[in-house]
Amino acid sequence: MANMALEHIYKRYGKTTAVTDFNLNVEDGEFIVFVGPSGCGKSTTLRMIAGLEEISDGVLRIGDRVMNDVPPKDRDIAMVFQNYALYPHMNVYENMAFGLRLRKVPKDQIDQRVRGGAKILQIEHLLERKPKELSGGQRQRVALGRAIVREPKVFLMDEPLSNLDAKLRVEMRSQISKLHQNLKATTIYVTHDQIEAMTMGTRIVVMKDGFIQQVDTPLNLYDFPKNKFVAGFIGSPSMNFLTATCNNKTVSGNGFSVEAQGKLADSLSAYNGKQVWYGIRPEHLGLEGSTTIAGGANRLTGVIEVVEPLGAETDLMVNIGGQTVVAKVDGHAQVKVGDTVTLFCDQSRMHAFDMEKELAIGR
């Protein structure tokens with residue numbers, strides 16, 4: 001396998017810059033996820049790594065070799081596409097073997113690799129079937145199998161699960177994670193789904209408008225977002241943001257007043273009298289009387305607008321002085337639309353962001 005370095009990578013289409021100053025070092029065996037909204041440049045970056053798009057500026061290295069001008073077939077990478085890209089007239093075995101035959105790999109090695117890959121992915125019983133006889137999940141496993149048998153230095157995956165239904169996506173997520181653990185292969189995975197990113201990546205690259213916003217582990221992105229965009233993009237439901245006025249270490253607005261703690265409290269002293277974004281995740285809000293979140297100077301009072309029962313939990317949309325927050329509460333909470341409720345905030349988990357630059361305060 002191999003490490004990889006992207007150094008000051010740019011991609012321009014005429015006067016439009018799709019990717020700007022992209023810098024990333026990928027260690028051997030890492031599972032890196034590029035995540036962000038549509039049009040943020042994640043797939044374009046992946047295609048530059050694959051050699052399917054020309055790099056406008058910067059240097060791409062795989063191992064010790066500069067890859068900028070190396071043709072795709074000579075980069076020793078394997079790519080798994082969103083639409084599977086299987087040959088309809090070939091059976092599963094032939095689809096998996098096709099790339100090896102082009103490289104004139106000996107027949108016995110081809111057979112060994114194909115059957116070995118099929119065993120890993122549990123598709124041995126499908127080797128004689130044509131793609132049209134397979135389900136979406138089975139086709140995706142064949143596409144993965146075709147990549148595995150190549151034994152490349154780097155695996156590239158471009159939204160490979162986006163065509164599957166919700167249940168299959170969960171199953172295939174775990175399959176790909178297991179595959180990575182077994183092969184220990186350097187993998188770059190592109191998705192717009194932050195749940196996929198959080199559950200699969202050893203590190204996540206969050207992108208917006210062609211720029212890297214933050215590169216970090218899933219837990220650090222969740223706990224310590226660098227800016228308001230990352231805070232809102234990571235987590236489901238997404239973080240609540242309320243316009244607040246800072247008074248020493250307290251942030252307050254119509255219907256709420258919350259006192260910060262620790263490093264955040266110290267940093268807010270520089271914002272005294274100014275407006276900031278107060279951020280709190282739905283799971284860090286609790287109803288009055290909750291045994292897990294303490295009361296005190298951290299009350300948010302408002303009227304319930306929507307109740308969404310989810311079984312073990314219930315999502316409440318609460319209007320707090322004209323601003324709406326989502327609170328994730330116990331599924332058996334006795335509440336209904338129109339009720340006035342008081343929410344308590346877990347003060348150790350609150351966030352604040354600069355109103356203009358939208359950077360995290362206290363980081």
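Everything quoted here is computed from the prediction, not taken from an experiment.
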Solution key, residues 44-53 side-chain donor-acceptor pairs under 3.5 Å, sequence neighbours excluded:
| from | atom 1 | to | atom 2 | distance (Å) |
| --- | --- | --- | --- | --- |
| T45 | OG1 | G41 | O | 2.8 |
| E53 | OE1 | Y13 | OH | 3.3 |
| E53 | OE2 | Y13 | OH | 3.4 |

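- The two residues L264 and A352 make their nearest non-hydrogen contact at CD1-CB, 3.9 Å.
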Checklist entry - For V306 and E308, what are the C-alpha separation, side-chain angles and deciding distance, and is it a side-chain contact (heavy atoms from CB on, under 4.5 Å)? => result CA-CA 7 Å; V306 178; E308 294 184 335; 3.8 Å; yes
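- Screening residues 74-83 for salt bridge (Lys or Arg N to Asp or Glu O under 4.0 Å), with sequence neighbours left out, gives no hits.
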Checklist entry - Would E196 and R169 count as a salt bridge (Lys or Arg N to Asp or Glu O under 4.0 Å) if you check the C-alpha gap in whole Å, the side-chain angles of each, and the deciding distance to 0.1 Å? => result CA-CA 9 Å; E196 273 183 30; R169 284 179 77 127; 2.5 Å; yes
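- Between the side chain of D339 and the main chain of K336, a donor-acceptor pair closer than 3.5 Å is present.
- N68 places a side-chain N or O within 3.5 Å of a backbone atom of G58 that can act as its donor or acceptor partner.
- Aromatic pair Y189/F31: ring centres closer than 6.0 Å.
- Shown here are the ring-ring contact (aromatic ring centres under 6.0 Å, His included) partners of F211, two or more places apart in sequence or in another chain: there are none.
- Side-chain N/O atoms of T199 and R173 include a donor and acceptor closer than 3.5 Å.
- Centroid-to-centroid, the aromatic rings of Y87 and F98 come within less than 6.0 Å.
- Between the side chains of S348 and D346, at least one donor N or O sits under 3.5 Å from an acceptor N or O.
- Within the 3.5 Å criterion, the main-chain N or O of I320 finds no donor-acceptor partner in the side chain of Q323.
- Side chain of Q214 to backbone of I212: no donor-acceptor contact under 3.5 angstrom is found.
- Heavy atoms only, all atoms of each residue included: M350 and E259 are closest at SD-O, 3.9 Å.
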Quick one: side chains of residues 127-135, donor-acceptor pairs under 3.5 Å with protein atoms, not counting sequence neighbours, listed by atom name and distance.
| from | atom 1 | to | atom 2 | distance (Å) |
| --- | --- | --- | --- | --- |
| E133 | OE1 | K130 | N | 2.8 |
| S135 | OG | Q138 | N | 3.3 |
| S135 | OG | Q138 | OE1 | 3.4 |

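- Two rings, from F353 and Y278, have their centers 6.0 Å or more apart.
- Under the 3.5 Å distance criterion, the side-chain polar atoms of R299 are left unmatched by any main-chain donor or acceptor of F344.
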Throw together a table of side-chain donor-acceptor distances under 3.5 angstrom for residues 112-121, partners on residues two or more places apart or in other chains.
| from | atom 1 | to | atom 2 | distance (Å) |
| --- | --- | --- | --- | --- |
| R113 | NH1 | V149 | O | 2.9 |
| R115 | NE | D111 | OD1 | 3.0 |
| R115 | NE | D111 | OD2 | 3.4 |

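- With hydrogens and angles ignored, the 3.5 Å screen pairs a side-chain donor or acceptor of K42 with a backbone N or O of G36.
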What pairs of donor and acceptor atoms, side-chain ones from residues 225-245 against any protein atom, are under 3.5 angstrom apart with sequence neighbours left out?
| from | atom 1 | to | atom 2 | distance (Å) |
| --- | --- | --- | --- | --- |
| N227 | OD1 | F229 | N | 3.2 |
| N227 | OD1 | V230 | N | 2.9 |
| N227 | ND2 | Q213 | OE1 | 3.1 |
| N240 | OD1 | V326 | N | 2.7 |
| N240 | ND2 | I280 | O | 3.2 |
| N240 | ND2 | V326 | O | 2.8 |

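- We find that D354 and K357 are not joined by a salt bridge, their nearest charged nitrogen and carboxylate oxygen being 4.0 Å or further apart.
- Side-chain atoms of N319 and T324 include no donor-acceptor pair closer than 3.5 Å.
- With contacts defined as side-chain heavy-atom distances shorter than 4.5 Å, the pair K153/T186 does not qualify.
- Between the side chain of N163 and the main chain of Q82, a donor-acceptor pair closer than 3.5 Å is present.
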